[in-house]
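Numbering of ligands and ligand atoms starts at 1, following listing order. Remember, it's a predicted structure, so these values are computed and weren't measured experimentally. When reading the values below, keep in mind they use all heavy atoms of this one structure, side chains included, and skip hydrogens, waters and symmetry mates.
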Amino acid sequence: MKIDVYALPNSVQEKELKERIAVVVDVLRASSTIITALHNGCREVIPLIDIEEAINLSKNYEKGTFLLGGERNAQKIEGFDLSNSPYEYTRDVVEGRTVLITTTNGTRAIRKANEAKEVIIGGFLNAAAVARYIGQKEENVAFICAGTDGKFSLDDILAVGAMIDALQNTGKPLDMDDLGLVCLQMYSIHKQDLKEILKHTYHYKNLVKAGFEADVDYCIQLNLLPTIPVYREGVIRVLNIV
Ligand code: MLT
């Protein structure tokens, strides 16, 4: 299995994805929030680029059947129901509902992966589940990191490292590109104390400054959830493995 890692969505040529499985990673926090929402029974998540796009689309839904979620500058968007904190996406809030979500980096990265053969959402929370799923396939894999504000973000790299590590543990022979090797090495060095390295990073510091340290602690938990979100035709749902 060939593994390529893209540090930013803009490094990917859409046509390169056609024959590959894309795993989109925005570990702080969009991926982790989407995994959590679907795990808690949310019907579907629709990733949107603009606030306006989300508000316009919400007009097609009946009151009570949908929630508007997301962030700008890490904060809840005015008039929205939920922010981008995974802790808000509890079962009593999201079960049976559609979440229309727009975030600064994560939802853009998901949309960018649109051309891939299959698009799944990964993070620390579901690393083992993602590895098990892609490990049984014969497809090549592209990990697409969302980055932060157009810049490389170490949190995503470490999460990709966790998924590659779990893939290696399945015994699958892997042919990684150089960034894949970096992800695996960084994860192997820091896996015992991810926070120790993350606390020096830009996105972590921003989230902590904004009062979201508990979210970071949540998002960096390894293999907490078995849920794999899959993005098809504009909608993210739970992958049903048959
Ligand atoms: C994003 O998608 O830009 C991030 O998830 C931002 C955040 O941490 O809320």
Side-chain angles (χ1 to χ4, degrees), residues 6-12 22-39 42 45-54 67-90 93-94 99-114 119-127 143-160 162 194-195 197-221 224-225 227 229 231 234 236:
Y6 297 89
L8 289 170
N10 282 348
S11 327
V12 191
V23 181
V24 181
V25 185
D26 181 18
V27 76
L28 301 179
R29 297 167 291 175
S31 299
S32 307
T33 296
I34 292 167
I35 297 163
T36 303
L38 289 169
H39 182 77
C42 160
V45 177
I46 306 194
L48 299 155
I49 309 254
D50 303 317
I51 296 173
E52 206 185 1
E53 193 188 1
L67 295 160
L68 281 164
E71 59 67 44
R72 286 298 179 270
N73 299 318
Q75 302 297 338
K76 184 163 137 179
I77 298 161
E78 205 186 319
F80 274 37
D81 304 294
L82 304 169
S83 76
N84 193 28
S85 169
Y87 278 120
E88 292 180 21
Y89 292 71
T90 53
V93 173
V94 300
V99 172
L100 309 173
I101 193 166
T102 175
T103 72
T104 314
N105 309 286
T107 53
R108 281 176 191 276
I110 295 167
R111 296 264 294 251
K112 176 85 185 188
N114 202 27
V119 183
I120 62 179
I121 318 291
F124 288 112
L125 294 177
N126 65 355
F143 285 96
I144 303 175
C145 301
T148 304
D149 303 333
K151 290 179 83 175
F152 166 93
S153 205
L154 189 57
D155 41 293
D156 293 337
I157 294 298
L158 290 164
V160 172
L194 290 168
K195 249 182 124 170
I197 178 82
L198 283 173
K199 74 182 186 205
H200 302 289
T201 63
Y202 170 78
H203 198 175
Y204 174 94
K205 285 194 264 190
N206 258 9
L207 285 173
V208 169
K209 201 163 131 207
F212 297 119
E213 187 167 2
D215 283 6
V216 178
D217 290 342
Y218 173 82
C219 295
I220 65 175
Q221 293 176 98
L224 185 73
L225 305 174
T227 306
Y231 174 63
I236 308 171

Heavy atoms only: give me the nearest Val119-Ala113 pair and the separation to one decimal.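 Closest approach of Val119 to Ala113, heavy atoms only: CG2-O, 3.3 Å.
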Looking at Asp156 and Asp26, what are the two nearest heavy atoms and their distance?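 It is OD1-CA, 3.4 Å.
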Can you sort out the partners of Tyr87 under ring-ring contact (aromatic ring centres under 6.0 Å, His included), two or more places apart, ordered by chain and number?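 Scan of Tyr87 (ring-ring contact (aromatic ring centres under 6.0 Å, His included), adjacent residues dropped) gives Tyr218.
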List by chain and number: which residues place a heavy atom under 4.0 Å from ligand 1?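 Near ligand 1, by chain and number: Asp26, Leu28, Arg29, Ala30, Glu71, Asn84, Thr103, Thr104, Asn105, Gly106, His203, Leu207.
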Find the distance between CG (Asp155) and CD1 (Ile197) and round it off to the nearest 0.5 Å.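 Reported value, rounded in 0.5 Å steps: 11.0 Å.
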List in chain and number order the residues that pass salt bridge (Lys or Arg N to Asp or Glu O under 4.0 Å) with Lys151, two or more places apart in sequence or in another chain; answer none if no residue qualifies.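 With neighbours one apart ignored, the set is empty.
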What pairs meet the salt bridge (charged side-chain N to carboxylate O under 4.0 Å, His left out) rule with one or both residues in residues 71-87, with sequence neighbours excluded?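 Qualifying pairs: none.
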